[in-house]
Amino acid sequence: KSVTIAFITDELAQKLNYKGKFVIAPMAISRKDLLILEQDRRSNKKNFTVGYLGSTSSSGNAISFRPIMQAAKNYLERDNRVKFCFVGPTLEELEEGGEIPENVNVMGRIRRHEVIPVIDEFDVGIILYPDLDYFEDSFPIKIVEYAARRIPIIASDTKAHRNILGSDKCLYFDLRSI
């Protein structure tokens, strides 16, 4: 009776049919990582950077980068100012899915203290998860990191993302669409 359970979403507590005391404790970041600026730091940039922070899989569940790579190829042909930056995946991991366009910068894994300065260069951040049961109760920390740095979010249209972000906090895309 003196225990309070913390769930990352209300949906998870309901799914588990938990009847005891609980609180919602979603992902969070350090206060020092919040961006508090009066002007937009990206307003004078020459290029537009679409960024991804994460890995190529989660607990054995592969994440397909095919839609993003196809979008990068399309932009390479139409607008050379649009660049893509991947933080986390390695070049070898991404090459398994095919050729990597010239406008894609693959940084691989970086140290935790290097993440914020790198994602500050993103003009938009991608949240890319398949709509699998495994991801239904996940809460990607990158959502909070992007939001804390005032980076607009484009997310794959999944039940989990809609539960976390609602309908008005990002733009959603269909994983089958470039």
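Numbers here are sequence positions counted from 1.
- Looking at every heavy atom in both residues, L175 comes nearest to L128 through CD2-CD1, 3.4 Å.
- Between F48 and Y75, every side-chain heavy-atom pair lies at or beyond the 4.5 Å cut-off.
- Annotation: side chain of N80 is not in contact with side chain of N103 (no heavy-atom distance under 4.5 Å).
- If you look at F7 and Y18, their ring centroids are closer than 6.0 Å.
- In plain terms, the two heavy atoms of L12 and T9 that are nearest each other are N-OG1, 3.1 Å.
- Put simply, CD on E136 and CD on E11 are 9.0 Å apart, with the number rounded to the nearest 0.5 Å.
- The nearest pair of heavy atoms linking I143 to H161 is CD1-CD2, 4.5 Å.
- Between C85 and M107, the closest heavy-atom pair is SG-SD, 3.7 Å.
- For I116, the side chain to side chain contact (heavy atoms under 4.5 Å, CB included) partners two or more places apart in sequence, or in a different chain, are D33, I119, D120, R149.
- Taking the six-membered ring for Trp and thresholds of 30 and 60 degrees, F86 and Y52 have ring planes inclined between 30 and 60 degrees apart.
- In this structure, the side chain of S156 does not engage the main chain of P130 through any donor-acceptor pair within 3.5 Å.
- L76 and V106 fall into different hydrophobic clusters, where Ile, Leu, Val, Met, Phe, Trp and Tyr residues are linked whenever their side-chain heavy atoms come under 4.5 Å apart, directly or through other members.
- Nearest heavy-atom pair across A155 and C170 is CB-SG, 4.0 Å.
- When all heavy atoms are compared, the tightest approach of K142 to I126 is CD-O, 4.2 Å.
- The line from CG of N47 to CZ of F84 is 11.5 Å long, rounded to the nearest 0.5 Å.
- Heavy-atom neighbours of K159 NZ from other residues, nucleotides or ligands within 6.0 Å: at or below the threshold of 12.
- Atom CZ of R109 is separated from atom CD of E93 by 6.5 Å, given to the nearest 0.5 angstrom.
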Exercise answer: donor-acceptor pairs, residues 60-70 side-chain atoms, under 3.5 Å, sequence neighbours excluded:
{"unit_1": "N61", "atom_1": "ND2", "unit_2": "S58", "atom_2": "O", "d": "3.2"}
{"unit_1": "S64", "atom_1": "OG", "unit_2": "R66", "atom_2": "N", "d": "3.3"}
{"unit_1": "Q70", "atom_1": "NE2", "unit_2": "N74", "atom_2": "OD1", "d": "3.2"}

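- Under the 4.5 Å side-chain criterion, counting only non-hydrogen atoms from C-beta, D157 is not in contact with D174.
- Hydrophobic clustering, with ILVMFWY side chains joined whenever heavy atoms are under 4.5 angstrom apart, groups V3 together with F22.
- Under the side-chain hydrogen bond (donor to acceptor under 3.5 Å, both in side chains) test applied with N17, the options Q14, K15, K19 reduce to a single match, K19.
- Counting heavy atoms from C-beta outward, P140 and I164 have side chains that approach closer than 4.5 Å.
- Looking at Y146, its side chain does come within 3.5 Å of a backbone N or O of L53 through a donor-acceptor pair.
- The shortest side-chain heavy-atom distance between K169 and I153 does not fall under the 4.5 Å cut-off.
- Atom CG of L171 is separated from atom CD1 of I127 by 12.5 Å, given to the nearest 0.5 angstrom.
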